[in-house]
Amino acid sequence: MNNHEIDYKLYGDDMQFVEVELDPHETVVAEAGSLMMMQEGIEMETIFGDGSGSGGGLMGKLMGAGKRLITGESLFMTTFTNTGSGKKHVSFAAPYPGKIIPVDLSQYNGKIICQKDAFLAAAKGVSVGVEFQRRLGAGFFGGEGFIMQKLEGDGMAFIHAGGTIVEKTLAPGEMLRVDTGCLVAMTRDVDYNIEMVKGVKTALFGGEGLFFATLRGPGKVWIQSLPFSRLASRVFAAAPGTPGGSKDEGSIAGGLFNMLGGK
């Protein structure tokens, strides 16, 4: 086994966090800013790239950091190592309401593909790279689904998604159409493409966007009911001062906003 073998426990329902148990000298790698709490005896270090150790020297580290830059993530990740003598715990929280999905990469042929902002943490040794779609349709119109991350290794990884999570196992040749933002992750054998919504009226007035993702089995896919982009757009649309937004939802909240300079 190339990755550190870590134990974990999930807490919460709609605002989850994961507690990772580290034996002496074990390390977990996490997205910058995801730390919730950690016990004494755990050493935190900021690193370039994903900490997988797959590339040698400075050039390898720069390549790893460059992969993360392409996906829009930070150049840096954070490692948490148990430098004490007994078991220690470190916890990581999801950045918005939803679920944390634990994935044992060894059960999925050492690789899953996920949306670029889905990665939360993983055992040290898991490689976080970039998965480009080969088809032009997915490339030009994929939106959230175009540049995706690939997690490779044989250890545990944790990804997060919004709302309720549905796992679907697709039989060979079975096809599923989903909104591009609702796709969280898929196994390596799933065939993925982007299709345009048929019908002029449906495309212009349907309110669901012009494109959707088509997933064809065999393989497993994870679907989220509330993409963060959808949640953020609804919050922005309802914000006081936004055209079409509400100014008077709650007299106290509205009054405080106006006192602080809101219109």
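Shown here for P102 and M156, the closest heavy-atom pair between the two residues is CB-CE, 3.8 Å. Across all their heavy atoms, L183 and I223 have their closest contact at CD1-CD1, 4.2 Å. The nearest pair of heavy atoms linking S225 to T164 is OG-N, 2.7 Å. Nearest approach of A213 to Y192, heavy atoms of both residues: CB-CE1, 3.7 Å. The shortest heavy-atom contact between L120 and S34 is CD1-CB, 3.7 Å.
Note on F17: it does not cluster hydrophobically with V20, by side-chain heavy-atom contacts below 4.5 Å among ILVMFWY residues. Y11 and M36 fall within the same hydrophobic cluster, where Ile, Leu, Val, Met, Phe, Trp and Tyr residues are linked whenever their side-chain heavy atoms come under 4.5 Å apart, directly or through other members. Both M148 and L176 belong to a common hydrophobic cluster when Ile, Leu, Val, Met, Phe, Trp and Tyr are linked at side-chain heavy-atom distances under 4.5 angstrom.
In this structure, the separation between CD on Q107 and CG on D154 is 12.0 Å, given to the nearest 0.5 Å. L35 CG to I42 CD1: the interatomic distance, rounded to the nearest 0.5 Å, is 9.0 Å. Interatomic distance, CD1 of I100 versus CG of L10, reported as 6.0 Å (0.5 Å rounding). Rounding to the nearest 0.5 Å gives a distance of 9.5 Å between CD of E43 and CE of M38. With rounding to the nearest 0.5 angstrom, the CG atom of L151 is 7.0 Å from the CD1 atom of I159. Atom OH of residue Y108 and atom CZ of residue R188 lie 14.0 Å apart, to the nearest 0.5 angstrom.
Within the 4.5 Å cutoff, no side-chain heavy atoms of V28 are placed close to those of K124. Within the 4.5 Å cutoff, side-chain heavy atoms of I6 are placed close to those of L22. Between V130 and K150 there is no side-chain heavy-atom pair separated by less than 4.5 Å.
No donor-acceptor pair closer than 3.5 Å links the side chain of T180 to the backbone N or O of F212. Judged by distance alone, with hydrogens and angles left aside, the side-chain atoms of E45 form no donor-acceptor pair with the main-chain N or O of T81 at under 3.5 Å. In this structure, E152 contributes its side chain and V126 its backbone to no donor-acceptor pair below 3.5 Å. Under a 3.5 Å cut-off, the side chain of K99 and the backbone N or O of D13 do form a donor-acceptor pair. With hydrogens and angles ignored, the 3.5 Å screen pairs no side-chain donor or acceptor of R177 with any backbone N or O of L215. H160 places a side-chain N or O within donor-acceptor distance of the main-chain N or O of D117, the cut-off being under 3.5 Å. Checked by atom type and distance alone, the side chain of Q224 never pairs as donor or acceptor with a backbone atom of A161 at under 3.5 Å.
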Legend entry - side chain to side chain contact (heavy atoms under 4.5 Å, CB included) between I101 and I165, worked out: CA-CA 9 Å; I101 308 169; I165 309 304; 3.6 Å; yes
Inset, instruction - Go through T169 and K220 one step at a time and tell me if the side chain to side chain contact (heavy atoms under 4.5 Å, CB included) criterion holds. - result: CA-CA 4 Å; T169 301; K220 176 178 282 191; 3.7 Å; yes
Inset, instruction - Evaluate the criterion side chain to side chain contact (heavy atoms under 4.5 Å, CB included) for residue pair Q16 and F92; output intermediate values, then yes/no. - result: CA-CA 9 Å; Q16 289 187 322; F92 306 99; over 6 Å; no
Inset, instruction - Determine, step by step, whether V18 and K9 satisfy the side chain to side chain contact (heavy atoms under 4.5 Å, CB included) criterion, reporting the C-alpha distance in whole Å, the side-chain angles of both residues, the deciding distance to 0.1 Å, and the verdict. - result: CA-CA 6 Å; V18 57; K9 185 175 180 180; over 6 Å; no
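Checked against E131 for a side chain to side chain contact (heavy atoms under 4.5 Å, CB included), the options M186, Q149, K111 give a single hit: K111.
Note on residues 82-98: pairs passing side-chain hydrogen bond (donor to acceptor under 3.5 Å, both in side chains), not counting sequence neighbours, are E21-H89, D23-K87, Q39-H89.
Take D189 and apply the salt bridge (Lys or Arg N to Asp or Glu O under 4.0 Å) test, not counting sequence neighbours, and it matches no residue. Scored by the salt bridge (Lys or Arg N to Asp or Glu O under 4.0 Å) test, E174 finds no partners at all (sequence neighbours excluded).
Using the six-membered ring where Trp is involved, F158 and Y8 have ring planes that are perpendicular, over 60° apart on the 30 and 60° scheme.
Within 6.0 Å of the CE atom in M44, the count of heavy atoms belonging to other residues, nucleotides or ligands does not exceed 12.
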